[in-house]
Number of protein chains: 2
Amino acid sequence: MRASDKAYAALREDIIEWRLLPGTVLAEVEQSERLGISRTPLREALSRLTAEGLTTTAGGRGVVVTGISLEDIDELFELRETLEGKAAALAAERGDAATFERLRDELRQAPALISGEDPARHAYYGLVGRLDAAIDAAIHNSYLAQAMRSLRVHLVRVRRLAADDAERLTAAAAEHAAIAEAIAAGNPRLAEAATTLHLHRSLTHVKATHVPH
Amino acid sequence: MRASDKAYAALREDIIEWRLLPGTVLAEVEQSERLGISRTPLREALSRLTAEGLTTTAGGRGVVVTGISLEDIDELFELRETLEGKAAALAAERGDAATFERLRDELRQAPALISGEDPARHAYYGLVGRLDAAIDAAIHNSYLAQAMRSLRVHLVRVRRLAADDAERLTAAAAEHAAIAEAIAAGNPRLAEAATTLHLHRSLTHVKATHVPH
DNA sequence: CCCTGCTTTCGTGTATACAAACCCCCTTGT
DNA sequence: ACAAGGGGGTTTGTATACACGAAAGCAGGG
């Protein structure tokens, strides 16, 4: 693995997990020494993070970790609704029914995973990730998939702000199952509606349990 | 101006204007010597281009200029319709009416610009750019604006493939005027419909006059 | 004649040294 | 006392040298 990849992954993880708080300045020598690499690969890592929007260059004062305000969350979900709604509709038109039927069945059994402890809950997140991946593959549109991928980075960060209690996760699993069901049924408008519903409830939950940093 | 910015701007221009054709390998030493800079800033420029999707890293063998297939154009416009349709609707809800009324009036007088020679036609492209900028500002959503900006790079590249005859440009100006009119009227659904119509016609034109490279 | 293994060579990945720009702070003048 | 200008120090921007890896070419054997 390249040193720049290692630095990129480490910094990205630190930012997403809120170990590096917004406003933190990432000085090149300091971070390169912390990660045990040279400045050159670190600069490439910082470039990638800045391109993703996780950091911003603060004019001569190094790069700083970007923050996420309440307004940002609204904007983020506004775009997310647009993109994922369209993606769900396209998946319903173009996707393979059997794939999404399987995902629907798994999602209906997800409450068993959620009630358990952390390893099981991790399995649930993996399941949701597989649904996202299946939609990405089904839409047959690399540009849309790319746009959604770049969004998900910020969304994971937002999710870490909210309290993922078992109750909300159970409800979310049901909503995801409804999306998978609509896609499997080949009903674009229903798939879009189910996605809109899910995202609205998700946004409401995030804003209700949000703890400002 | 930094050397990396200079290299980035130069390479980006070369790719968009099809002076660097798809499949061209951009070797680091070769390009750094051509642009009169060192490898370090050139690498940063290539990183940025790759993040934008104008180039792709070819697994250890340098970066190559990406191509745009007919399928890519379809995918590009599918995403564009989603994003710009939403943006037009949001602009109609949140934008300042006076701003878009002025743009509508200017666009209605655009045929005079188009019939002229290149400098006047350049003024027309600038006018369309101002409409885009006005929409970007009106939506009050930096993430959506960012997504549209990253799309426009590829769209400019596609536009260079099509023949921009005066007839099509005159029609496009009328379609743009209709969009501005709908936004100024504060009618989101109409604004979205006008955008959808414009993009469909634009796509049809591109595919009709498309010359494969 | 073809296949395989080695060698050479080119190209990227990384480290480090140097240069320039910027900020902070201190000093000085009003 | 406050503002403006200069100097020191820190930080980024750039160049270059070196190391590692892969790919292409060549030679030898089957």
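The chains referred to below are lettered A, B, ... by the order of the sequence lines, with proteins before strands, and numbering in each begins at 1.
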Next item on the list: Give the rounded distance in Å between these two atoms: CD of A:Glu28 and C1' of C:dA20.
Entry: 14 Å
Notebook entry, point to check: With no hydrogens and no angle check, do the side chains of A:Ser32 and A:Ser38 hold a donor and an acceptor under 3.5 Å apart?
Noted result: no
Next item on the list: Would you kindly give the CG-to-P distance between B:Leu42 and D:dG13, to the nearest whole Å?
Entry: 16 Å
Check: Where the side chain of A:Pro41 is concerned, which of C:dT12, D:dG13, C:dA15 is the nearest nucleotide?
Finding: C:dA15
Next item on the list: Among the candidates D:dA15, D:dT14, C:dT14, find the nucleotide nearest to the side-chain atoms of A:Ser4.
Entry: C:dT14
Notebook entry, point to check: Could you give the OH-to-P distance, from B:Tyr8 to D:dG13, as a whole number of Å?
Noted result: 16 Å
Check: 5'-most contact on DNA chain D: A:Gly62 or A:Thr40, nearest heavy atom basis?
Finding: A:Gly62
Item checked: Integer-rounded Å distance: D:dA19 C1' and A:Arg2 CZ -> 16 Å
Next item on the list: Kindly point out which of C:dT14, D:dT14, C:dT16 is positioned nearest to the side chain of B:Arg43?
Entry: C:dT14
Which pairs would a plain distance check flag for residues 81-93 of chain B, meaning a side-chain donor or acceptor within less than 3.5 Å of a matching protein atom at least two apart in sequence or in another chain?
{"unit_1": "B:Glu81", "atom_1": "OE1", "unit_2": "B:His200", "atom_2": "NE2", "d": "3.3"}
{"unit_1": "B:Thr82", "atom_1": "OG1", "unit_2": "B:Glu78", "atom_2": "O", "d": "3.0"}
{"unit_1": "B:Glu84", "atom_1": "OE2", "unit_2": "B:Arg80", "atom_2": "NE", "d": "3.1"}

Check: For the pair made of CD1 in A:Ile37 and P in D:dC20, what is the distance, rounded to whole Å?
Finding: 17 Å
Note to self: Minimum heavy-atom separation for A:Ser4 and A:Ala45, please, with both atom names.
What the structure shows: O-CB, 3.9 Å
Margin query: Tell me the interatomic distance from A:Leu46, atom CG, to D:dT12, atom P, rounded to whole angstroms.
Written below: 9 Å
Next item on the list: Please tell me which of A:Leu26 and B:Ser38 maps to the more 5' nucleotide of DNA chain D, matching each residue to the nucleotide holding its nearest heavy atom.
Entry: A:Leu26
Note to self: Take a 6.0 Å sphere around CD of A:Glu30 and say whether it holds more than 12 heavy atoms from other residues, nucleotides or ligands.
What the structure shows: yes
Notebook entry, point to check: Checking all strands, does B:Arg39 fall into the base, sugar-phosphate, or nothing category for heavy-atom contacts under 4.0 angstrom?
Noted result: base
